[in-house]
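Heads up, the thing below is written out as structure tokens.
Quick caveat, the model's predicted, so the values are computed rather than measured. Counting starts at 1 for both ligands and their atoms, in listed order. Keep in mind that the numbers below use all heavy atoms, side chains included, and drop hydrogens, waters and symmetry copies.
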Amino acid sequence: MPENSLRDFTNDHSALALNTATLGHNVEGQGAGWSPEQVIDACAGRGYGAITWWRREIDERAVEIGERTRAAGLEVCGLCRSPFLTGPLAPPSRRDVLDDFHASIDMAAELGAACLTICVGGVIEGSHSMRDSLKEVASIVAEVAPVASAANVRLALEPLNPVYGGNRSCLTTVRDAVDMIEAIDHPALALAIDVYHVWWDLSLGVELKCAGVGRIAGYHLCDWLADTSDVLLDRGMMGDGVADLKHIRHSVEAAGYNGFCEVEIFSAGNWWKRDPGEVLDICVERFRTVC
Ligand code: ZN
């Protein structure tokens with residue numbers, strides 16, 4: 001696929017989606033604290049195509065918020081996220097992990113979310129082994145995949161930047177994610193590709209081709225700031241960093257993806273401090289010009 005055959009967003013941002021983490025809604029006490037209703041109205045008014053929610057915003061209101069989102073003309077493109085499955089941030093036992101995993105699938109189904117994002121968790125404490133940790137992740141994901149399938153929810157495995165290998169994700173490359181999906185071989189499994197996690201990977205295009213058509217369930221936008229001050233909470237707005245956004249999107253689209261492009265910016269020191277309306281406006285402008 002030639003690079004100039006990318007979808008053209010210059011005058012059309014209907015493929016733009018908001019991940020509400022961009023407004024700080026993934027962390028208690030961050031951002032302006034808008035209600036889901038305020039977020040829906042602000043996105044609908046600006047012509048966004050979809051929203052990805054975080055579980056802490058939804059609580060007991062999944063059906064209601066899903067319906068409210070669609071009534072405003074938007075889709076629910078995702079829910080963040082499963083529990084961590086392994087490592088220091090995971091629930092204490094496998095039973096606890098499975099219970100919370102099932103609860104997150106139920107919520108995604110009630111919301112009518114197209115997919116549930118999975119951040120797999122870090123290295124199993126004391127194991128000193130990425131390999132053993134990935135084996136445990138695969139075992140849990142394989143057990144849960146039929147449950148997700150029955151609920152009509154896709155599980156989007158998101159490989160995270162290797163800086164999180166210790167605590168948040170022993171799944172650090174697209175290669176390992178594709179290998180895991182192939183090994184488990186269940187149609188509920190897909191990939192989430194996030195600029196923040198893959199921007200450095202020159203083999204992205206090749207790996208995504210190996211994944212096969214229809215295996216990408218989400219594409220997440222932000223930028224990597226050259227002088228980042230915090231690898232978790234200092235993500236950049238598209239165009240402010242060093243990632244080759246058009247080339248990354250080319251790799252994703254060449255693998256058959258034509259779904260929403262979801263802005264997901266964790267930014268405690270900058271974007272979360274701004275007026276959410278201004279943030280949403282700038283996302284639209286950058287999406288049309290640099291993504
Ligand atoms: Zn992401």
*Exceeds 12 heavy-atom contacts within 6.0 angstrom, atom CG of N152*: no

*asked:* When you measure from the side chain of D223 to the backbone of A243, do you find a donor-acceptor pair of N or O atoms at a distance under 3.5 Å?
replied: yes

*Donor-acceptor contact present, side-chain S104 to main-chain F101, <3.5 Å*: yes

*Which of the N/O/S atoms in E158 sits closest to the Zn ion (ligand 1)?*
OE2

*Closest N/O/S atom of H220 to the Zn ion (ligand 1), by atom name?*
ND1

*How about D194: does one of its N, O or S atoms come closer than 2.8 Å to the Zn ion (ligand 1)?*
yes

*For the Zn ion (ligand 1), find the closest N/O/S atom on E264 and give its atom name.*
OE1

*Among T86, L134, I118, find the one that has a side-chain contact (heavy atoms from CB on, under 4.5 Å) with L171.*
L134

